[in-house]
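Everything below concerns the one structure shown next.
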Amino acid sequence: MINFKVNGQPHSLEIDPETPLLWALRDHLSMTGTKFGCGVGQCGACTVLFNGSALRSCSLPVAAVEGADIITIEGLSDAGDHILQKLWVEMNVPQCGYCQAGVLMAAADLLKRIPNPTDDEIDAYISNICRCGTYPRIRAAIRRAAQEINA
Ligand code: FES
Ligand code: FES
């Protein structure tokens, strides 16, 4: 039995401890906002917050989250109204959207660590891959979120 919290709610899963956290979330808890891309820790589509830090859930056995607090895109805000989510809509950041849940989780973590990141810091911290090439809009929305948070 693995016990952990997802978006503040406690869960106990009877599950193979080697199961990647991504599949525990998607298949066992029906939280499908976190996406499967590469499965090998490269693309970032599966990014969640693990005890407050961005982490690629495809590469972490669920046994490693015993007692942890996990935040997924479903829990980033109560009503989809995190400053980043609002700006993502307002500034039309997504194209197909597939990568964006992971990008948003990484961006939320970045802004906690670096309140006013430069483009270089954004690029260094957010290594998530977007096949649609939305990087310029991602950078612009993060910069504006930083301005609004720090205003
Ligand atoms: Fe996890 Fe690509 S699916 S990094
Ligand atoms: Fe399509 Fe990023 S918006 S992969």
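Order of appearance sets the numbers: ligands from 1, and atoms from 1 within every ligand. Keep in mind that this is a model prediction, so the values were computed, not measured.
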Carboxylate-amine/guanidinium proximity below 4.0 Å for Lys86 and Glu90: no
Connected via hydrophobic side-chain network under 4.5 Å: Phe50 and Met105: no
Atom 2 (Fe) of ligand 2 contact by Cys96, N, O or S atom under 2.8 Å: no
Under 2.8 Å from atom 1 (Fe) of ligand 1, the protein N, O or S atoms, given as residue and atom: Cys46 SG, Cys58 SG
Three-point angle Cys130:SG, atom 2 (Fe) of ligand 2, Cys99:SG, rounded to the nearest 10°: 100°
Is it true that [Y] and [X] share a donor-acceptor pair across their side chains at a distance under 3.5 Å?
| X | Y | value |
| --- | --- | --- |
| Asp123 | Tyr135 | no |
| Ser127 | Arg56 | yes |
| Arg113 | Ser53 | yes |

Selected option - heavy-atom contact closest to atom 4 (S) of ligand 2, from Gln100, Arg131, Gln95: Arg131
Option from Thr32, Thr34, Asn7 for which side-chain hydrogen bond (donor to acceptor under 3.5 Å, both in side chains) with Thr72 holds: Asn7
Side chain Glu66, main chain Ile2, donor-acceptor under 3.5 Å: no
